[in-house]
Number of protein chains: 2
Amino acid sequence: MNTNQQFAVAIHILTLLAALPDQSLTSAQIAASVNTNPVVIRRILGQLRKQNLVESRSGASGGWKLTRAPSQIHLCSVYDALIRAALLGMHPHPNPGCPIGSHIHPALEKVFEQAEQAMHNALSGFTVQDVLLEIQTLEPAKE
Amino acid sequence: MNTNQQFAVAIHILTLLAALPDQSLTSAQIAASVNTNPVVIRRILGQLRKQNLVESRSGASGGWKLTRAPSQIHLCSVYDALIRAALLGMHPHPNPGCPIGSHIHPALEKVFEQAEQAMHNALSGFTVQDVLLEIQTLEPAKE
DNA sequence: TCATTTGTAACTATTGTAGTTACAAATGAA
DNA sequence: TTCATTTGTAACTACAATAGTTACAAATGA
């Protein structure tokens, strides 16, 4: 199976930051919710910062915050930040002397491109706000 | 990155069988086109046979054939045969004591389900015949 | 001044996959 | 009937991606 959990963790982190908009959270606090090591969190947050989805401050009372409203963070941006390699991979060296082998890559590229674009479009239909609201629906109300 | 090449190899195999409809091909012949080991090919063909996309015969003059016309083999069936695990994976154990951690999985499931379904739908728009025709377009004509 | 926190390098352990070897069972041709 | 061919599958090795961990310099604010 695919062992890459970074996309799921990234959405988890962003949802947590969205739930506590007035504070900045440390990687240790976030790690406690995700149940992993703070360095794993910082690695993922580093990627999210490259896409300008979060900002950080070092030092005492430092931590992480969203750069914009959760309703303005679409999950396709998170995908772009975290999923570097294609989900559908090519085989490396088909036989160039075979009529099929010599042209299978460009033919597959067309198909894979469209398939991944379809997933991308589907993810653009969700925001961090949507995930947060879904969780608040599942969470029993408290006083 | 995703190192799983089986989906790409499976489409390669099916396209090759489609290109030579009147013969059955051995795993060794197919392996020569894919440029890999025959056992790798047989493993993938075994999965394709479970979905009834190909049939095999053991022994002398045995080999593999498609069970139907290439225009009747949609790439979503190949996906179903080969991609067992979800492309978008969950993180294993978010903190059940955290309001976000305790509900992130069902919230993500909704999103991931739709994203993968979108990819599946895109793949259902292509058949092995489409891939073969694309390759024959790329292949310079011969006499 | 100092505790806190990020940023990052380096390392280990685990897991999934490709590739390989080996061989029993099936099968058809001679 | 014999035998070369081929599938089907188990067992193994090698490699690559990732999660998790340790360590520590640099930044920062109390």
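All chains are named by letter (A, B, ...) in the order of the sequence lines, taking the proteins before the strands, and each is independently numbered beginning at 1. As a basis for the values below, the full set of heavy atoms in this structure was taken, side chains included, without hydrogen atoms, waters or symmetry mates.
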Inset, instruction - Send over the distance from B:Leu87 CG to D:dA17 P, rounded to a whole Å. - result: 17 Å
Legend entry - Phosphate contact (D:dT18 OP1 or OP2) by A:Gln6 side-chain N/O below 4.0 Å: no
Legend entry - Interatomic distance, B:Leu25 CG vs D:dT6 P [rounded to whole Å]: 11 Å
Legend entry - Sugar-phosphate only, base, or nothing, as touched by A:Gly46 at under 4.0 Å among non-hydrogen atoms: nothing
Inset, instruction - Indicate whether any N or O donor in one side chain lies under 3.5 Å from an N or O acceptor in the other, for B:Ser33 and B:His12. - result: yes
Inset, instruction - Starting at atom CD of A:Gln5, determine the distance to atom C1' of C:dT14, rounded to an integer number of angstrom. - result: 12 Å
Inset, instruction - Specify the separation, in whole Å, of atom CD of A:Glu55 and atom P of C:dG7. - result: 11 Å
Inset, instruction - State whether A:Arg57 places a side-chain N or O below 4.0 Å from either non-bridging phosphate oxygen (OP1 or OP2) of D:dG29. - result: yes
Inset, instruction - May I have the distance from B:Ile41 (atom CD1) to C:dG19 (atom P), rounded to whole angstrom? - result: 9 Å
Inset, instruction - With a 3.5 angstrom cut-off on both distances, give the Watson-Crick or G-U wobble partner of D:dA14, or none if there isn't one. - result: C:dT17
Legend entry - N or O in side chain of A:Ser56 less than 4.0 angstrom from C:dG7 OP1/OP2: yes
Inset, instruction - Find the distance A:Met90:CE to C:dT17:P and express it as a whole number of Å. - result: 18 Å
Inset, instruction - Inspect the contact between B:Arg49 and B:Glu55 and indicate whether a charged nitrogen and a carboxylate oxygen are less than 4.0 angstrom apart. - result: no
Inset, instruction - Give the rounded distance in Å between these two atoms: CZ of A:Arg42 and C1' of D:dG20. - result: 13 Å
Inset, instruction - Using heavy atoms to find the nearest nucleotide of DNA chain D for B:Ala60 and A:Arg84 separately, return the residue whose nucleotide is more 5′. - result: B:Ala60
Inset, instruction - Just compare C:dT21, C:dA18, D:dT22 and give me whichever is closest to any side-chain atom of B:Asn37. - result: C:dT21
Inset, instruction - Output yes when at least one side-chain N/O atom of B:Thr36 is less than 4.0 Å from OP1 or OP2 of C:dA18, else no. - result: no
Legend entry - For D:dA30, the Watson-Crick or wobble counterpart (both distances under 3.5 Å): C:dT1
Inset, instruction - Please tell me which of B:Ser58 and A:Asn35 maps to the more 5' nucleotide of DNA chain D, matching each residue to the nucleotide holding its nearest heavy atom. - result: B:Ser58
Legend entry - Residue matched to D:dA25 through Watson-Crick or wobble contacts both under 3.5 angstrom: C:dT6
Legend entry - Nearest listed nucleotide, side chain of B:Val39, among D:dG8, C:dT17, D:dT9: D:dT9
Legend entry - A:Gln29 CD - C:dT6 P separation (whole Å): 9 Å
Inset, instruction - Tell me yes or no: between the side chains of A:Asn35 and B:His91, is some donor less than 3.5 Å from an acceptor? - result: no
Inset, instruction - Could you pick out which residue, A:Gly62 or A:Arg43, lies toward the 5' side of DNA chain C when each is mapped onto its nearest nucleotide? - result: A:Gly62
Inset, instruction - Output yes when at least one side-chain N/O atom of B:Ser61 is less than 4.0 Å from OP1 or OP2 of C:dG28, else no. - result: no
Legend entry - Mutual orientation of the aromatic rings belonging to A:Phe112 and B:Phe7 [parallel < 30°, tilted 30-60°, perpendicular > 60°]: parallel
Legend entry - Joint hydrophobic cluster, B:Leu138 plus B:Leu20, side-chain heavy atoms closer than 4.5 Å: no
Inset, instruction - Ignoring the backbone of A:Arg49, work out which of C:dG7, C:dG19, D:dT18 is nearest its side chain. - result: C:dG7
Inset, instruction - Determine whether the aromatic ring centres of B:His74 and B:Phe126 lie less than 6.0 Å apart. - result: no
Inset, instruction - Respond yes when some side-chain nitrogen or oxygen of A:Thr26 is under 4.0 Å from OP1 or OP2 of C:dT5, and no when none is. - result: no
